[in-house]
Amino acid sequence: MAPLRALTAFEVFEEIESRRFALTPLGAWLRSDVAGSLRPAARFYGGEYPWRTWGDLLHCVRTGEAAAPHALRIASLEAYFAQHATELAIFQAAMTTYAVSTMAGVVAHDFSGLGTIIDVGGGQGMMLAALVQAHPALRGILFDLPAVVQGAAPILESAGVAQRCDVVAGDAFDAVPTGGDLYLLSRVIHDWDDAHATAILRNCRRAARQGTKLLLVESVLPTHVTSSWTSQTQLLSDLNMLVLGGGRERTTDDFGAILAASGWELTRVTPADGVMSLVEGIAV
């Protein structure tokens, strides 16, 4: 009863009569049968990996390092998921939810004149499927770790784009597919510190021709912090990236620096929604 009452205070439930509760419109987002459900994200962030790593926040404060290797005695999130298949499935469902939340802003981007998009770290292909579906001239290559892309086929087939999309398994720290007219990385770069982020971007540049385009879907931090909802969301995400894996959110200047260090030139940053932005670059 106490948890239900507490969640009622936060408008997740309403008490319709004594000791009887019902979901509010806010709480309905936790149902699995509603479009855009946030249930997978809630399950992931309430799960073992975030819970234990956030419990070791003091380690981050003292050292500036990620909590996960210290708290869980693992090298990376990927290493953890290699031993926890159920949590990997929940995580992938959460990432698909996030792709849906920013999809409209990305789909509306100008892709005219482009032939092939290579979606690096594209998960199970939700974002790529939406892009290829909305832009009939496009073809797509979905690229991610083997354990991730094995779940892509149903999503691409459901969107009716399987014939225009190839799925390639690999590791972006080794190499990425060649031949793209645009390299898309959605919510990938913020997972990593500057050294690792630059390594991924450099491999994309090695695979690209001069003049090839780059599109990052990322949260761009303000140069001046305010108490707005957007700043709160972005800066809590910045802290979350540090705790979970040693990553970070970045300012426009930060993106300009890591792009320049990896063979790209920052050309434009435009808002995609209230929190996310499109960071555009070109291979030089």
Side-chain angles (χ1 to χ4, degrees), residues 3 6-7 30 32 37-99 101 120-126 143-152 169-176 185-201 203 216-219 221 232-250 254 258 275-276:
L7 289 169
L30 297 176
S32 60
S37 170
L38 295 175
R39 178 183 174 87
R43 291 185 68 197
F44 171 68
Y45 283 109
E48 186 79 2
Y49 186 91
W51 186 263
R52 290 179 61 186
T53 51
W54 268 95
D56 203 22
L57 177 61
L58 183 59
H59 175 77
C60 299
V61 174
R62 284 175 170 168
T63 66
E65 300 172 350
H70 183 258
L72 301 174
R73 300 296 188 266
I74 57 167
S76 65
L77 180 61
E78 289 75 17
Y80 178 82
F81 284 147
Q83 303 174 24
H84 299 82
T86 299
E87 290 183 61
L88 173 60
I90 294 171
F91 175 75
Q92 287 302 325
M95 294 305 102
T96 295
T97 295
Y98 289 137
S101 70
V120 178
Q124 296 180 327
M126 182 66 74
F143 179 76
D144 212 317
L145 297 169
V148 176
V149 297
Q150 66 182 6
D171 189 332
F173 288 112
D174 295 330
V176 303
L185 295 90
S186 179
R187 299 178 185 262
V188 171
I189 296 303
H190 76 161
D191 288 341
W192 305 101
D193 60 21
D194 285 355
H196 287 86
T198 301
I200 293 173
L201 291 169
N203 279 341
L216 310 180
V217 184
E218 295 283 349
S219 178
L221 292 179
Q232 291 168 1
T233 302
Q234 292 174 318
L235 292 163
L236 284 175
S237 179
D238 187 32
L239 185 56
N240 191 49
M241 290 301 103
L242 169 63
V243 171
L244 295 190
R248 54 176 294 207
E249 307 293 358
R250 294 174 171 85
D254 292 332
I258 62 172
V275 175
M276 305 301 291

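Because the structure is predicted, anything quoted here is derived from the model rather than measured.
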Task: Shortest non-hydrogen contact between G123 and V149, atoms and distance - done: O-CG1, 3.9 Å
Task: Closest non-hydrogen atom pair between P40 and A94, with its separation - done: CB-N, 3.5 Å
Task: Any E48 side-chain heavy atom under 4.5 Å of Y80 side chain - done: yes
- [ ] Any chance you could measure S219, atom OG, to R250, atom CZ, to the nearest 0.5 Å?
- [x] 11.5 Å
- [ ] Find out whether V188 and V120 are in side-chain contact, i.e. whether some heavy atom of one side chain is under 4.5 Å from a heavy atom of the other.
- [x] no
TODO: Identify the two heavy atoms, one from S237 and one from E249, that lie closest to each other, and give their separation to 0.1 Å.
DONE: OG-OE2, 2.5 Å
Open item on the list: Contact between L57 and L239 at the side-chain level, heavy atoms closer than 4.5 Å - yes or no?
Closed with: yes
TODO: Quick one: pull up CZ in R39 and CD1 in I90 and give me the separation to the nearest 0.5 Å.
DONE: 9.0 Å
Task: Heavy-atom check, side chain of N203 versus side chain of D174, under 4.5 Å - done: no
Task: Between CG on residue L244 and CZ on residue F44, distance to nearest 0.5 Å - done: 6.0 Å
- [ ] Please report the shortest heavy-atom distance between L30 and A42, naming the atom on each side.
- [x] CD2-CB, 3.9 Å
Task: Separation of I200 CD1 from I189 CD1 (nearest 0.5 Å) - done: 5.0 Å
Task: Note, D194 side chain near R248 side chain (heavy atom, < 4.5 Å) - done: yes
Task: Contact summary for Q234 and L221, nearest pair of heavy atoms - done: CB-CD2, 3.8 Å
Open item on the list: Are the side chains of Y49 and H84 in contact, using a 4.5 Å heavy-atom criterion?
Closed with: no
Open item on the list: Ignoring hydrogens, what is the shortest heavy-atom contact between S37 and S32? Give both atom names and the distance.
Closed with: OG-CA, 3.9 Å
Task: 4.5 Å side-chain heavy-atom contact, F173 and W192 - done: yes
- [ ] To the nearest 0.5 angstrom, please state how far the CE atom of M241 sits from the CG atom of D193.
- [x] 13.0 Å
TODO: Measure the CG-CH2 distance between N240 and W54 for me, rounded to the nearest 0.5 Å.
DONE: 5.5 Å
